[in-house]
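Just so it is clear, the values below take in all heavy atoms, side chains as well, and ignore hydrogens, waters and symmetry mates. Chain letters run A, B, ... following the sequence lines, proteins first and then strands; every chain starts at 1.
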Protein chains: 2
Amino acid sequence: MATGRNHRPATSRSRGIPEATVARLPLYLRALTALSERSVPTVSSEELAAAAGVNSAKLRKDFSYLGSYGTRGVGYDVEYLVYQISRELGLTQDWPVVIVGIGNLGAALANYGGFASRGFRVAALIDADPGLAGRPVAGISVQHTDELEKIISDNGVSIGVIATPAGAAQQVCDRLVAAGITSILNFAPTVLTVPDGVDVRKVDLSIELQILAFHEQRKAGEEPHGEHDEDTAPPAAPPAAAVAKRPRSKRPESGPDGDVPAVMPA
Amino acid sequence: MATGRNHRPATSRSRGIPEATVARLPLYLRALTALSERSVPTVSSEELAAAAGVNSAKLRKDFSYLGSYGTRGVGYDVEYLVYQISRELGLTQDWPVVIVGIGNLGAALANYGGFASRGFRVAALIDADPGLAGRPVAGISVQHTDELEKIISDNGVSIGVIATPAGAAQQVCDRLVAAGITSILNFAPTVLTVPDGVDVRKVDLSIELQILAFHEQRKAGEEPHGEHDEDTAPPAAPPAAAVAKRPRSKRPESGPDGDVPAVMPA
DNA sequence: TAGTGTGAACCTCTTCACAGCA
DNA sequence: TGCTGTGAAGAGGTTCACACTA
């Protein structure tokens, strides 16, 4: 997952497209683009929903926020919808982007084809290591951090990607913001502090794994398989109340499956 | 952002920790780990919330699902909380992980320190390119896809990371699942189809950028700055109704800021 | 007294179910 | 007839505000 808002209460009165819907538009767009390439002229909400991995009611509701772009009894015109969603997302214009921190991840991002194909243009790669400066990555010459401010203003960049180590992230962030950047995609495992008006989204690789681990852990104690157990109480798991209402004496001597309170390093 | 559930209606009756809370536990854990390293003995919900980038009421509510681990008038014991959250997330055990697709991104993931430090162990790197086989990446020798099933069963791996191109992802996914993997972190820009009981989480770099672009686009039309405009109607934006209730004749000749319905390539 | 733990209000998001239209 | 568009119901998540207690 990725988190990070920085907005008014979400569905702000400004325009009325719910955040949750905005987050799914790129998904629909990808599915539609694939259909478009196969020259499919129209799709039903059912088909498109399946391709995007959501249910059709949600998809229809989402589209209803954009306007009435479908045809009853028929479905949606693929090309037209691609255009409308692109426009809604602001992808009909060109977005120059800078990537700061050209380590493994930065390089991976620079090479990632998904950017260029969606209106994002990597305007510059920036790294603090003078040894990297001048070296080409993904066909773009890496520039030194000293140039950061100049690069941003010269190219009118408003979106920055931070792929530095955690320690450098806030500092880089501050410089990006001071230079005029108003949207940041942060890959460093830190909480960034930014002034109002600046958007931060966060992608954290290890957080995703931890969430998976949580669910994975649970699978052991449950019935052998099948997700169809809507209402059946799981066998092993103790009633939630028993956990929540445990005696107020802290430190149950070692958890249910307990052991040493092994603290992990950084 | 990353999406992808695959669960019962979220707050399933099974145990009672809301998904939204689970997703934040890693955040708290990181903040707590940092405090632990600085040998801070206790934190208040206020302080910890600030460090984790959430508000304190939410944090307290989240912790209340785990039990009563705080002390009124004092706060939370850092070490103890680190342990409790780790245990809740299943991080007190070792999770062997395989990474499939050792391109730029796969290599970045293999090198990512955040895994090893949280109970995740990269058990193997797998790639379809025979030329890569045997080559060390992040100190681990890359193995060929042919070995996939053997590696997984030999190491008891239950979590797989897919960092292949989109085209190969579903196929790799199918093999992983067949081999016994039950949790997948997918970096490929595709919707994966998996049987019930298998968890998929998705991280999509370009989707995050698209969401940023959406908000970035909006900033232009709004008042010069300041996020304090709770109720003031924004100047430029037309009332939502005017957009939603547009005449049913499709294709408004070219959008408000229109141009060619330029469709993007792959 | 300072700060947790939590019912209750509130808000957002999802799902249902069906009216309405091509 | 088939599928969209959408009110209304439902569920989940957030925030408030305060009782409670170390």
Side-chain angles (χ1 to χ4, degrees), chain A residues 1 3 5 7-13 16-25 28 42-50 53-77 80-81 84 230-231 240-241 243-251, chain B residues 3 5 7-13 16-25 28 42-50 52-77 80-81 84 230 240-241 243-250:
Chain A
M1 169 192 160
T3 53
R5 285 300 116 85
H7 290 281
R8 274 144 288 188
T11 308
S12 81
R13 204 128 308 87
I17 299 186
E19 267 300 309
T21 295
V22 172
R24 281 187 295 267
L25 291 182
Y28 301 143
T42 58
V43 258
S44 68
S45 62
E46 201 71 55
E47 295 163 334
L48 184 54
V54 304
N55 78 50
S56 64
K58 194 186 288 184
L59 178 143
R60 286 201 303 279
K61 184 64 114 182
D62 283 342
F63 285 178
S64 79
Y65 294 117
L66 309 184
S68 292
Y69 293 155
T71 307
R72 294 171 197 237
V74 179
Y76 300 91
D77 180 299
Y80 183 60
L81 205 44
Q84 287 300 343
E230 286 294 32
D231 287 307
V243 176
K245 303 285 187 207
R246 73 151 59 75
R248 264 71 215 284
S249 62
K250 304 197 319 184
R251 232 146 294 206
Chain B
T3 53
R5 283 302 117 85
H7 290 281
R8 274 145 288 190
T11 308
S12 81
R13 205 124 310 87
I17 299 185
E19 267 300 309
T21 295
V22 172
R24 280 187 296 266
L25 291 181
Y28 302 143
T42 58
V43 256
S44 67
S45 62
E46 202 70 56
E47 295 164 334
L48 184 53
V54 303
N55 79 49
S56 64
K58 193 185 289 187
L59 178 143
R60 286 201 303 280
K61 185 63 113 182
D62 283 343
F63 284 178
S64 79
Y65 294 118
L66 309 184
S68 292
Y69 293 153
T71 305
R72 292 172 198 239
V74 179
Y76 300 91
D77 180 299
Y80 184 59
L81 206 44
Q84 288 300 342
E230 288 292 31
V243 176
K245 304 285 188 207
R246 73 151 60 75
R248 263 74 216 282
S249 62
K250 304 199 319 185

Fill in: Residues which pass side-chain contact (heavy atoms from CB on, under 4.5 Å) with A/A50, listed by chain and number, not counting sequence neighbours
none
Item to complete: Identify, with sequence neighbours excluded, every residue that meets side-chain contact (heavy atoms from CB on, under 4.5 Å) alongside A/T21.
Response: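 For A/T21 the side-chain contact (heavy atoms from CB on, under 4.5 Å) partners, ignoring immediate neighbours, are A/I17, A/P18, A/R24, A/L25, A/D62, A/Y65.
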Check the interface with nucleotides 15-18 of chain C: list each N/O to N/O pair with the protein under 3.5 Å, or write none.
{"unit_1": "C/dT15", "atom_1": "OP2", "unit_2": "A/N55", "atom_2": "ND2", "d": "2.6"}

Worksheet item: Considering heavy-atom distances to DNA chain D, does B/D62 or A/V43 have its closest nucleotide positioned more toward the 5' end?
Response: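 The 5'-side residue here is A/V43.
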Worksheet item: Which heavy atom in A/Y76 sits nearest to a heavy atom in A/G70, and how many Å separate them?
Response: CD2-CA, 3.4 Å
Rounded to whole angstrom units, what separation is found between the [atom1] atom of [X] and the [atom2] atom of [N]?
| X | N | atom1 | atom2 | answer |
| --- | --- | --- | --- | --- |
| B/L59 | C/dT6 | CG | C1' | 14 Å |
| B/E47 | C/dA2 | CD | P | 14 Å |
| A/L66 | D/dT6 | CG | P | 11 Å |
| B/E19 | C/dT14 | CD | P | 13 Å |
| B/D77 | D/dA22 | CG | P | 16 Å |
| A/R24 | C/dC13 | CZ | C1' | 8 Å |
| B/Y28 | C/dT4 | OH | P | 13 Å |
| B/L81 | C/dG3 | CG | P | 16 Å |

Worksheet entry | Helix axis bend for the helix from C/dT1-D/dA22 to C/dA22-D/dT1 - C1'-based end axes, five pairs, 10° rounding |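 Angle reported: 10°, given to the nearest ten degrees.
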Item to complete: Could you pull out all residues at least two apart from A/T42 that satisfy side-chain hydrogen bond (donor to acceptor under 3.5 Å, both in side chains)?
Response: none
Worksheet item: Do B/R72 side-chain and D/dT21 base share a donor-acceptor contact under 3.5 Å?
Response: no
Do any side-chain nitrogens or oxygens of [X] fall under 4.0 Å of OP1 or OP2 in [N]?
| X | N | answer |
| --- | --- | --- |
| B/S44 | C/dG3 | no |
| B/Y76 | C/dA2 | no |
| A/S45 | D/dT4 | yes |

Worksheet item: Rounded to the nearest 0.5 Å, what separation is found between the CD atom of B/E46 and the CG atom of B/N55?
Response: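 It is 8.5 Å, given to the nearest 0.5 Å.
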Worksheet item: To the nearest 0.5 Å, how far apart are CG in A/L59 and CG in A/L48?
Response: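 Those atoms lie 5.0 Å apart.
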Worksheet item: Can you find a heavy atom in the side chain of B/V54 that is under 4.5 Å from one in the side chain of B/Y28?
Response: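 In short, these two side chains touch, coming nearer than 4.5 Å.
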Worksheet item: Are B/Y69 and B/F63 close enough that their ring centers fall under 6.0 Å?
Response: no
Discussion item. According to salt bridge (charged side-chain N to carboxylate O under 4.0 Å, His left out), who are the partners of B/R60, at least two apart in sequence or on a separate chain?
Written reply: none
